[in-house]
Amino acid sequence: MKKLLFLFDTDAVPSVFDTVVGYDGGADHVTGYANVAPDNVGALVDGAVFTRGGKDKQNTAIFVGGGNMGKGEALFEKIKKHFFGPFRVSVMLDSNGSNTTAAAGVALLAKAKSLKGQKAVVLAGTGPVGMRAAAFLAQEGAEVTITSRTKDRAEEAAKALEKRFGVKVKGVAGGTDEERSTAVKDANIVYAAGAIGVQLLPASAWKDNPNIELLADVNAQPPLGIEGIEATDKGKNYGGKLAFGALGIGGLKLKLHRACVGKLFESSEGVFDAEEIYALAKEMA
Ligand code: NAP
């Protein structure tokens, strides 16, 4: 029986990246649907859950993607609510690669050093990747601060994190190099999660800072989020500070994404969101 992965994308065009990784993760066929939303997903879910019975059902799975985390989360919730009794299939949420990227980055940091009690700053932590990274760092016992170009947005993201994950995170303004340098002054861990091609931290803000021990940056396109590290760094030692660049993190992210897709086909009851994906990232790191 063929393994079918249905990619429900909240964007106008289904993601090529998620399609390729769907195949590489073990699907025999990946079908992408665009503009999927809570009000039009019902019939798509019916098609997935009413077509195969018993053990055969585990050969059908759903992946929720797209560029908007809020839309992805709402869609994911609607899909889970639509399931009943045995009429369900495994489902994964990874809007913008948020869960897999954040989980890979934090799992590598946690492997390098215990994060418990450490002060962590997620630069530009209001996006899909930054918010998930902040949640994982907080769940590891770190004291987490997120920055944004506007304090209101940082605080709004902190509230959303508390609601979703039950973690307390502080939101501060970080619109300039000076503000971001001040934000990381006492930090032990810096996780740069800014938009692609945006530098957030000058080298002068971390190279001689005696507190900073771990650096992670998920932006692969120059200029990198953290000046002075390399995208390929995977635990590279810069005078006692270990750095993880976007490609260093991206290797584990891809393996993790593929592994999650593979697991979708192991039962019809799998639910892969932040918690499940981070747990797997820690096993794989
Ligand atoms: P995003 O939503 O595009 O951006 C994250 C945050 O960056 C935004 O919330 C915004 O925060 C801030 N920002 C945007 N433009 C800015 C600017 N010009 N100056 C300063 N801050 C700016 O990012 P994402 O989807 O969460 O992804 C985060 C990063 O991960 C991206 O660089 C992406 O390319 C990368 N990524 C890497 C992988 C991998 O495998 N390595 C996979 C997926 C994504 P405020 O508006 O609150 O300031």
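Numbering of residues begins at 1 and proceeds along the displayed sequence. When a ligand or atom number is given, it counts from 1 through the structure's own listing order.
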| task | Report the residues that fulfil side-chain hydrogen bond (donor to acceptor under 3.5 Å, both in side chains) with K159, sequence neighbours left out, ordered by chain and then residue number. | result |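 side-chain hydrogen bond (donor to acceptor under 3.5 Å, both in side chains) check on K159 returns nothing, list empty.
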| request: In plain terms, say whether E162 and K168 are close enough for a salt bridge, that is, a side-chain N and a carboxylate O under 4.0 Å apart. | output: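 Looking at K168 together with E162, the answer is yes, because their closest N to O distance falls below 4.0 Å.
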| message | Please output the residues near ligand 1 using a strict heavy-atom distance under 4.0 Å, listed in chain and residue-number order. | response |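 Only N96, T101, A124, T126, G127, P128, V129, S148, R149, R153, A193, G194, A195, I196, V198, L200, V218, N219, A246, G250, K253 have heavy atoms that fall under 4.0 Å of ligand 1, ordered by chain and number.
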| Cluster companions of V20 among Ile, Leu, Val, Met, Phe, Trp, Tyr (side-chain spacing under 4.5 Å) |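 Once heavy-atom contacts under 4.5 Å are chained together, V20 belongs with V16.
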| Should side-chain heavy atoms under 4.5 Å link Ile, Leu, Val, Met, Phe, Trp and Tyr, which residues sit in the same cluster as L254? |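 Listed partners: F17, V21.
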| task | Specify the closest pair of heavy atoms between I229 and L224, including all atoms of both residues, with the distance to one decimal. | result |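 Between these two residues, the closest heavy atoms are O-CD1, 3.4 Å.
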| task | Determine whether the side chains of E230 and Y238 contain a donor N or O and an acceptor N or O closer than 3.5 Å. | result |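 Y238 and E230 do not have a side-chain donor-acceptor pair below 3.5 Å.
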